Participant: 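One structure, as structure tokens, below. Some questions next.
This structure is a prediction, so every number in the text was calculated from the model and none was measured. In what follows, every chain begins at residue 1, and chains take the letters A, B, ... in the order their sequences are listed.
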Protein chains: 2
Amino acid sequence: MHAPVFAALGHPARLALVARLSGGEPSSISRLTAGSRMTRQAVTKHLRVLEGAGIVRSKHAGREKLFEYDAAPIAGLRDYLDRVSAQWDRTLARLKSFVEE
Amino acid sequence: MHAPVFAALGHPARLALVARLSGGEPSSISRLTAGSRMTRQAVTKHLRVLEGAGIVRSKHAGREKLFEYDAAPIAGLRDYLDRVSAQWDRTLARLKSFVEE
DNA sequence: CTAATATGCAACCAGGAGGTTGCGGAAATG
DNA sequence: CATTTCCGCAACCTCCTGGTTGCATATTAG
């Protein structure tokens with residue numbers, strides 16, 4: 001269920017894009033390309049991957065395409081990782097009590 | 001920094017392996033293969049990816065190779081996602097106060 | 001209108017991901 | 001010792017990823 005979102009975050013360039021968009025206003029493609037060592041097309045492809053995972057939405061504004069952050073998928077990831085950690089804590093407790101028997 | 005860990009979780013088969021290993025005892029490759037619709041070699045490859053990301057450790061026990069969960073990388077991911085969410089919350093608050101001015 | 005800017009689309013490419021099969025070796029079983 | 005079980009290595013295949021380049025289109029600026 002969550003694998004596509006994880007995969008979308010599994011690239012440093014996309015992680016950097018998420019960091020920028022989650023900490024600022026919606027931004028256009030060329031603005032996101034400036035300061036990156038990639039081509040505009042490469043940035044576009046990464047943004048499409050992020051949009052496919054729902055992490056980012058896009059809207060048109062004149063000749064620009066603005067991308068903005070959507071917090072929901074990453075919130076879902078946090079919940080999932082919390083559940084994994086909680087399950088692991090229970091596993092540890094169970095193994096410990098088993099050793100102590 | 002965290003991108004390789006995200007990438008390692010970006011495949012349903014590996015997510016399922018993590019779920020199994022975080023909720024039970026260390027398990028061997030053939031045990032993890034049973035109940036999966038994959039070949040043993042495919043499972044081995046996925047386990048290697050997880051081990052490369054540090055999510056899983058392996059130790060030999062006779063002719064078996066046991067894999068066990070390591071909680072540290074996923075805990076690091078949780079912290080990272082918490083920071084992203086907190087940054088987003090601050091961004092929202094800042095935009096809201098800007099609109100209200 | 002012309003020029004500059006922002007984007008999209010398509011082709012192309014190298015390399016890696018995911019998966020299978022076949023074979024060989026080490027360890028437990030009988 | 002013979003057999004089964006568990007595993008590693010290597011070759012091979014297909015498809016996707018990440019990236020570039022070139023060209024076409026829409027929008028804004030002068």
Side-chain angles (χ1 to χ4, degrees), chain A residues 1-21 24-70 73 77, chain B residues 1-21 24-70 73 77:
Chain A
M1 186 74 86
H2 301 277
V5 188
F6 280 120
L9 297 178
H11 191 287
R14 289 194 288 267
L15 225 43
L17 286 172
V18 169
R20 270 183 79 169
L21 289 176
E25 312 171 15
S27 186
S28 74
I29 298 181
S30 12
R31 191 127 39 96
L32 291 169
T33 303
S36 167
R37 280 171 298 282
M38 271 180 300
T39 314
R40 171 181 58 90
Q41 289 300 330
V43 175
T44 300
K45 285 193 180 181
H46 285 303
L47 286 170
R48 278 210 242 268
V49 173
L50 289 174
E51 191 173 19
I55 304 174
V56 139
R57 280 188 308 266
S58 68
K59 58 181 177 186
H60 288 273
R63 74 181 152 184
E64 293 188 321
K65 188 172 186 181
L66 298 181
F67 282 86
E68 60 185 355
Y69 180 71
D70 187 336
L77 246 51
Chain B
M1 186 73 87
H2 300 279
V5 188
F6 280 120
L9 297 178
H11 192 288
R14 289 195 289 268
L15 226 42
L17 286 172
V18 168
R20 270 183 78 167
L21 288 176
E25 311 172 16
S27 186
S28 74
I29 298 180
S30 13
R31 192 126 38 94
L32 291 169
T33 303
S36 166
R37 281 170 299 281
M38 273 180 299
T39 313
R40 171 181 58 89
Q41 289 300 329
V43 175
T44 300
K45 287 193 180 183
H46 285 303
L47 287 171
R48 278 209 244 268
V49 173
L50 289 174
E51 192 173 18
I55 302 173
V56 139
R57 278 189 308 266
S58 68
K59 58 182 179 185
H60 288 273
R63 74 179 155 185
E64 293 188 321
K65 187 172 187 180
L66 298 182
F67 282 85
E68 61 186 354
Y69 180 71
D70 186 335
L77 246 52

Participant: Could you run down the sub-3.5 Å N/O contacts of the protein with nucleotides 27-30 of chain D?
Facilitator:
from	atom 1	to	atom 2	distance (Å)
D:dT27	O2	A:R63	NH1	3.2

Participant: Measuring from atom NE2 of A:H11 to atom NZ of A:K45, what distance do you get when rounded to the nearest 0.5 angstrom?
Facilitator: 11.5 Å
Participant: Can you list the steps and then say if A:L77 with B:L77 is a side-chain contact (heavy atoms from CB on, under 4.5 Å)?
Facilitator: CA-CA 10 Å; A:L77 246 51; B:L77 246 52; over 6 Å; no
Participant: Would you mind reading off the distance between B:H11 atom NE2 and C:dG16 atom P, rounded to a whole angstrom?
Facilitator: 18 Å
Participant: Using nucleotides 20-23 of chain D, report all nitrogen or oxygen pairs with the protein that are shorter than 3.5 Å.
Facilitator:
from	atom 1	to	atom 2	distance (Å)
D:dT20	OP1	A:T39	OG1	3.3
D:dT20	OP2	A:T39	N	3.1
D:dT20	OP2	A:T39	OG1	2.4
D:dT20	O5'	A:T39	OG1	3.2

Participant: For the residue pair B:R48 and B:T44, establish whether any side-chain heavy-atom pair is separated by less than 4.5 Å.
Facilitator: yes
Participant: Atom NZ of B:K59 to atom C1' of D:dC7: distance rounded to whole Å?
Facilitator: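 These atoms are roughly 18 Å apart.
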Participant: Can you name the nearest heavy-atom pair linking A:L9 to A:L15, along with the distance?
Facilitator: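 So the two residues come closest at O-CD1, 3.5 Å.
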Participant: Can you tell me how far P of D:dC7 sits from CG of B:L32, to the nearest Å?
Facilitator: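 For the pair B:L32 CG and D:dC7 P, the rounded distance is 9 Å.
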Participant: What contact category does B:R31 fall into here, base, sugar-phosphate, or nothing, at under 4.0 angstrom with non-hydrogen atoms?
Facilitator: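 B:R31: no heavy atom of the nucleic acid under 4.0 Å.
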Participant: B:H60 side chain N/O closer than 4.0 Å to the phosphate oxygens (OP1, OP2) of D:dC7?
Facilitator: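 Answer no for this pair, as no side-chain N or O of B:H60 is under 4.0 Å from OP1 or OP2.
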Participant: Mind calculating the distance between CD1 (A:I29) and C1' (C:dG8) to the nearest angstrom?
Facilitator: 9 Å
Participant: Starting at atom CG of B:L15, determine the distance to atom C1' of C:dG18, rounded to an integer number of angstrom.
Facilitator: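 Spelled out: CG on B:L15 to C1' on C:dG18 is 16 Å.
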Participant: Heavy-atom count around B:E68 CD within 6.0 Å, excluding the residue itself: above 12?
Facilitator: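 Yes.
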Participant: Let me confirm one number: the OG1-NE2 distance from B:T33 to B:H46, rounded to the nearest 0.5 Å.
Facilitator: 10.5 Å
Participant: Nearest whole angstrom, please: distance from the C1' of C:dA17 to the CG of B:L9.
Facilitator: 16 Å
Participant: When the distance from CG of A:L47 to P of D:dG18 is rounded to whole Å, what number comes out?
Facilitator: 13 Å
Participant: Taking atom CG of A:L66 and atom OG of A:S58, what is their separation to the nearest 0.5 Å?
Facilitator: 9.0 Å
Participant: Check whether any side-chain N or O of B:T44 sits under 4.0 Å from OP1 or OP2 of D:dC7, and answer yes or no.
Facilitator: no
Participant: Hey, what do you get for CZ (B:R57) to OH (B:Y69), rounding to the nearest 0.5 Å?
Facilitator: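 Going from the CZ atom of B:R57 to the OH atom of B:Y69 covers 10.5 Å.
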Participant: Could you tell me whether the phosphate oxygens of D:dC9, OP1 or OP2, come under 4.0 Å of any side-chain nitrogen or oxygen in B:R48?
Facilitator: yes
Participant: Rounded at 0.5 Å granularity, tell me how far CZ in B:R14 sits from CG in B:L17.
Facilitator: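 Answer for the CZ-CG pair, B:R14 versus B:L17, is 9.0 Å.
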